[in-house]
Chemist: 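Take a look at this one; I'll ask things after.
Because the structure is a prediction, the values reported are computed rather than measured. Here is how names work: the chains are called A, B, and so on, in the same order as the sequence lines, proteins then strands, and each is numbered from 1.
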Amino acid sequence: MLDIKYLRNNFEKVKEALRNRGADLSLDDFLKLDENRRKKLVEVEKLKNKRNTVSEEIGKLKKQGIDAKDLIDEMKNVSEEIKKLDDEVKQIEEQIHEILINIPNIPHKTVPIGADETQNVEVKKWGDLPGFKFKPKPHWEIAEELDIIDFKRAGKVTGSRFVFYKGLGAMLERAVANFMLDLHIKEHGYVELTPPLIVNSNSLVGTGQLPKFEEDLFKLKDTDYYLIPTAEVPVTNYYSNEILNGDDLPIYHCAYSACFRSEAGSAGRDTRGIIRQHQFTKVEMVKFCKPEESYQELEKMVQNAERVLQLLELPYRVINLCTGDLGFSAAKTYDIEVWLPSYDSYKEISSCSNCEDFQARRANIRFRRTSKSKPEFVHTLNGSGLAVGRTIAAVLENYQQPDGSVAIPEVLRPYMGGLNKITKK
RNA sequence: GGAGAGAUGGCCGAGUUGGUCGAAGGCGCUCGACUCGAAAUCGAGUGGGCUGUAAAAAACAGCCUCCAGGGUUCGAAUCCCUGUCUCUCCGCCA
């Protein structure tokens with residue numbers, strides 16, 4: 001959510017920023033509503049002041065046993081008038097809130113201006129692409145042949161876009177997750193949280209998935225609960241409605257969780273394999289920091305995510321998303337894309353965003369620089385570190401051998417009981 | 001799921017026959033005095049949001065805020081309704 005004062009005073013600037021994002025929003029009503037609200041507030045506050053002072057007087061008179069009937073009658077009218085005006089103000093405020101809550105974040109000045117993903121800017125490339133001397137297979141074929149992922153039975157048990165990991169596949173899933181967690185906890189300074197996988201709508205508004213993107217979520221019937229689409233939601237909201245101590249910032253949390261996405265509107269995309277699932281696991285990184293340090297923290301977070309791929313020795317590139325490709329809450333986002341031979345291209349495996357104070361304002365997360373200072377909104381960041389399913393796909397494809405087996409990356413072996421290879425039975 | 005109790009400021013905790021209650025008292029914290037310094041003691045201060053004076057800061061004034069949302073009333077922390085959460089007991093369960 002934008003600061004209402006900022007919007008009021010930088011109206012044209014905001015409109016331009018939204019145009020760059022391709023967000024077609026009409027803000028025309030805003031200024032009028034805003035002005036009207038303040039006019040009405042002055043009016044009603046004056047009346048409330050009168051009511052407060054006179055009511056106090058009535059109390060005093062009654063204590064002395066003096067009849068205050070005239071004053072009470074007068075106040076009846078005042079109270080009615082107040083009720084009427086209060087309703088009007090409330091209605092206006094709802095309209096203003098409706099507008100504010102649907103405005104996406106303003107892109108940072110270092111974000112390239114562009115209409116869509118074709119105008120994203122590659123900022124880094126790492127690693128050598130595998131030079132196969134045989135025809136590499138896509139991960140779903142490798143996995144089925146090794147009997148480590150079962151697509152068919154998941155379809156039977158649940159439906160499309162679900163899988164069972166099986167045997168060494170299931171172990172690999174745990175290994176990848178534990179490797180990532182240990183790295184972030186022990187070397188990058190993150191404190192692990194195991195979050196609820198179900199959150200209420202308020203939390204989803206806090207991080208920006210609601211109210212605009214409800215169709216992407218799984219909602220639990222007849223409740224206010226949703227399955228989380230990412231651990232970013234519970235972890236960011238962990239500090240909602242709190243005022244943090246400035247000395248404790250920056251705060252780093254990581255969380256391993258399942259994520260649930262309806263994938264509405266992506267029918268037909270990535271239908272094979274484990275790239276696009278309704279349920280997948282992910283290690284998420286979330287940071288809370290002071291405004292002046294958030295961009296430096298974003299760079300560090302990207303490095304933390306990159307480190308996972310470097311240690312796994314998987315080739316990747318880093319992309320600076322352009323204005324037209326930014327997510328709703330993000331002011332700046334780097335995507336990390338891993339090399340996937342079956343796609344003959346790079347595929348997103350992490351997305352690291354600085355949301356500045358956009359989520360903090362929605363979720364009301366503040367901090368005090370010193371015990372005497374006024375509260376300020378923190379900046380929040382989030383990034384995948386990494387998506388586990390896509391990492392497994394990348395490992396299977398990049399580490400496949402001519403005989404159909406898959407070598408296990410060095411750093412994962414301790415997590416696989418020392419195993420160095422997954423072979424056919 | 002059934003029965004009961006509760007939710008007050010950073011924390012503890014008064015206030016529940018409605019009327020100077022934004023809220024006693026204590027702790028904590030900040031500043032000052034005392035001290036070579038510290039402790040102890042004494043004094044002062046100490047929530048948040050919104051609006052106006054104003055374009056902004058300091059300041060001042062007003063409004064809102066005692067879990068949330070409604071209601072009764074001239075007036076609600078106090079009364080009524082709904083919801084959320086916490087605790088105790090019973091049942092069930094990993």
Side-chain angles (χ1 to χ4, degrees), chain A residues 1-14 30-97 99-101 194-206 220 222-226 234 237-249 258 291 357 360-378:
Chain A
M1 194 154 62
L2 302 183
D3 179 10
I4 188 166
K5 281 184 205 146
Y6 180 84
L7 177 57
R8 186 185 297 150
N9 298 328
N10 302 273
F11 194 63
E12 291 307 319
K13 239 195 237 172
V14 171
F30 172 77
L31 290 177
K32 228 180 281 169
L33 286 167
D34 180 52
E35 201 175 318
N36 201 230
R37 165 174 175 266
R38 287 182 289 157
K39 208 181 88 196
K40 287 252 155 73
L41 268 182
V42 171
E43 222 176 306
V44 74
E45 283 180 5
K46 226 180 253 172
L47 288 176
K48 283 181 177 172
N49 183 18
K50 183 172 182 188
R51 180 179 70 183
N52 288 344
T53 53
V54 174
S55 287
E56 199 174 300
E57 215 169 293
I58 291 173
K60 278 181 194 159
L61 290 177
K62 283 212 157 179
K63 225 167 217 174
Q64 296 168 35
I66 300 172
D67 178 64
K69 183 116 185 12
D70 292 350
L71 284 178
I72 289 176
D73 284 346
E74 192 191 340
M75 282 309 102
K76 267 186 190 163
N77 293 330
V78 172
S79 271
E80 241 163 75
E81 186 66 15
I82 287 172
K83 198 174 276 182
K84 208 185 91 199
L85 281 169
D86 264 346
D87 282 350
E88 288 177 29
V89 168
K90 204 174 143 193
Q91 239 184 39
I92 293 169
E93 284 180 345
E94 272 166 19
Q95 291 179 58
I96 290 174
H97 186 252
I99 291 172
L100 284 177
I101 209 78
T194 303
L197 304 181
I198 295 174
V199 294
N200 59 35
S201 61
N202 198 42
S203 294
L204 287 155
V205 170
L220 301 194
D222 298 328
T223 69
D224 184 43
Y225 291 164
Y226 296 78
N237 281 285
Y238 185 68
Y239 294 110
S240 65
N241 294 312
E242 292 191 29
I243 299 177
L244 304 171
N245 185 341
D247 295 336
D248 295 339
L249 300 178
D357 64 4
R361 186 169 273 115
R362 288 172 161 246
N364 194 27
I365 307 168
R366 295 174 293 173
F367 77 101
R368 268 186 233 276
R369 290 180 187 274
T370 72
S371 60
K372 285 194 144 180
S373 5
K374 282 261 153 208
E376 299 171 53
F377 288 110
V378 299

Chemist: Expressed as a whole number of Å, how far does the C1' atom of G15(B) sit from that of G9(B)?
Modeler: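 Taking atom C1' in both G15(B) and G9(B), they lie 14 Å apart.
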Chemist: Contact class for Lys40(A) (heavy atom, under 4.0 Å): base, sugar-phosphate, or nothing?
Modeler: nothing
Chemist: Side chain of Arg368(A) only, please: which of C63(B), C74(B), G48(B) is the nearest?
Modeler: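 Selected nucleotide (nearest to the side chain): G48(B).
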Chemist: Can you tell which of C74(B), C50(B), U72(B) lies closest to the side chain of Glu45(A)?
Modeler: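 Looking only at side-chain atoms, Glu45(A) lies closest to C50(B).
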Chemist: Can you give each donor-acceptor pair under 3.5 Å made by side-chain atoms of residues 34-41 of chain A, sequence neighbours left out, with the distance rounded to 0.1 Å?
Modeler:
| unit_1 | atom_1 | unit_2 | atom_2 | d |
| --- | --- | --- | --- | --- |
| Asp34(A) | OD1 | Arg8(A) | NH2 | 3.0 |
| Asp34(A) | OD2 | Arg8(A) | NE | 2.5 |
| Asp34(A) | OD2 | Arg38(A) | NH2 | 3.2 |
| Arg37(A) | NE | Glu93(A) | OE2 | 2.7 |
| Arg37(A) | NH2 | Glu93(A) | OE2 | 3.4 |
| Lys40(A) | NZ | Glu88(A) | OE1 | 3.0 |

Chemist: Looking only at atom P, what distance separates U20(B) and A77(B), rounded to whole Å?
Modeler: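 10 Å, rounded to whole Å.
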Chemist: Take the protein atom CD of Glu56(A) and the nucleotide atom P of C74(B), then report the distance between them rounded to whole Å.
Modeler: 18 Å
Chemist: Under 4.0 Å, counting only non-hydrogen atoms across every strand here, what does Leu41(A) touch: a base, just sugar-phosphate, or nothing?
Modeler: sugar-phosphate
Chemist: Of the candidate nucleotides C63(B), U51(B), G75(B), which contains the atom at the shortest distance from the side chain of Lys48(A)?
Modeler: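 Comparing C63(B), U51(B), G75(B) against the side chain of Lys48(A), the answer is C63(B).
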Chemist: Within the structure shown, what part of the strands sits under 4.0 Å from Lys60(A) by heavy-atom distance: base, sugar-phosphate, or nothing?
Modeler: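 Counting heavy atoms under 4.0 Å across all strands, no contact is made by Lys60(A).
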Chemist: In whole angstrom, give the distance that lies between atom CD of Glu35(A) and atom C1' of C50(B).
Modeler: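 Nearest whole value for this atom pair: 17 Å.
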Chemist: Taking the side chain of Asn52(A) as its heavy atoms from C-beta onward, which of G49(B), C50(B), C63(B) lies nearest to it?
Modeler: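 Of the candidates, C63(B) comes closest.
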Chemist: What is the distance, to the nearest angstrom, from the CG atom on Leu244(A) to the C1' atom on G10(B)?
Modeler: 13 Å
Chemist: I'd like to compare against my own output: the B/S/- annotation of nucleotides 77-86 of chain B with a strict under-4.0 Å heavy-atom distance to protein.
Modeler: --------S-
Chemist: Check every strand shown and say whether Val42(A) touches a base, only sugar-phosphate, or nothing at a heavy-atom separation below 4.0 Å.
Modeler: sugar-phosphate
Chemist: Roughly how many Å is it from CZ in Arg362(A) to P in G49(B), rounded to a whole number?
Modeler: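 Interatomic distance, CZ of Arg362(A) to P of G49(B): 20 Å.
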Chemist: Is Arg369(A) reaching over with its side chain to a backbone N or O of Gly246(A), donor-acceptor style, under 3.5 angstrom?
Modeler: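 Such a contact is absent between Arg369(A) side chain and Gly246(A) backbone.
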Chemist: In whole Å, what separates the P atom of G18(B) from that of C79(B)?
Modeler: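 Taking atom P in both G18(B) and C79(B), they lie 9 Å apart.
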Chemist: Tell me, please, which residues at least two apart from Glu81(A) pass side chain to side chain donor-acceptor pair (under 3.5 Å).
Modeler: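 Partners of Glu81(A) by the side chain to side chain donor-acceptor pair (under 3.5 Å) criterion come out as none, since no residue qualifies.
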Chemist: Taking the minimum atom-to-atom distance to the side chain of Pro375(A), which one of A56(B), C74(B), G48(B) wins?
Modeler: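 For Pro375(A), the side-chain atoms sit closest to G48(B).
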Chemist: Among C50(B), G48(B), G70(B), which is the nearest nucleotide to the side chain of Lys90(A)?
Modeler: G70(B)
Chemist: Please report the distance separating the P of C34(B) from the corresponding atom of A39(B), rounded so that it comes out in whole Å.
Modeler: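 Result for the P pair: 15 Å, nearest Å.
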Chemist: Rounded to the Å, how far apart are Lys83(A) NZ and C74(B) C1'?
Modeler: 12 Å
Chemist: When we call it a touch if two heavy atoms are under 4.0 Å apart, what does Asp73(A) touch: a base, just sugar-phosphate, or nothing?
Modeler: nothing
Chemist: Between atom CD in Glu74(A) and atom C1' in U73(B), what is the gap in whole Å?
Modeler: 17 Å
Chemist: Taking atom C1' in both U16(B) and A7(B), what distance in whole Å separates the two?
Modeler: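 Between the two C1' atoms, the distance is 14 Å.
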Chemist: Can you tell me, in whole Å, how much space there is between the P of A23(B) and that of G48(B)?
Modeler: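 Between the two P atoms, the distance is 15 Å.
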Chemist: Please give the distance between the P atoms of G45(B) and C27(B) as a whole number of Å.
Modeler: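 One P to the other, the span is 16 Å.
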Chemist: Arg366(A) side chain: which of G48(B), C64(B), U51(B) is closest?
Modeler: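 Side chain of Arg366(A) sits closest to G48(B).
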Chemist: Ignoring the backbone of Ser55(A), work out which of G49(B), G75(B), U51(B) is nearest its side chain.
Modeler: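 Within the option list, the nearest is G75(B).
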Chemist: Distance between the P atoms of A76(B) and G70(B), in whole angstroms?
Modeler: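 Pairwise P distance, A76(B) against G70(B), rounds to 14 Å.
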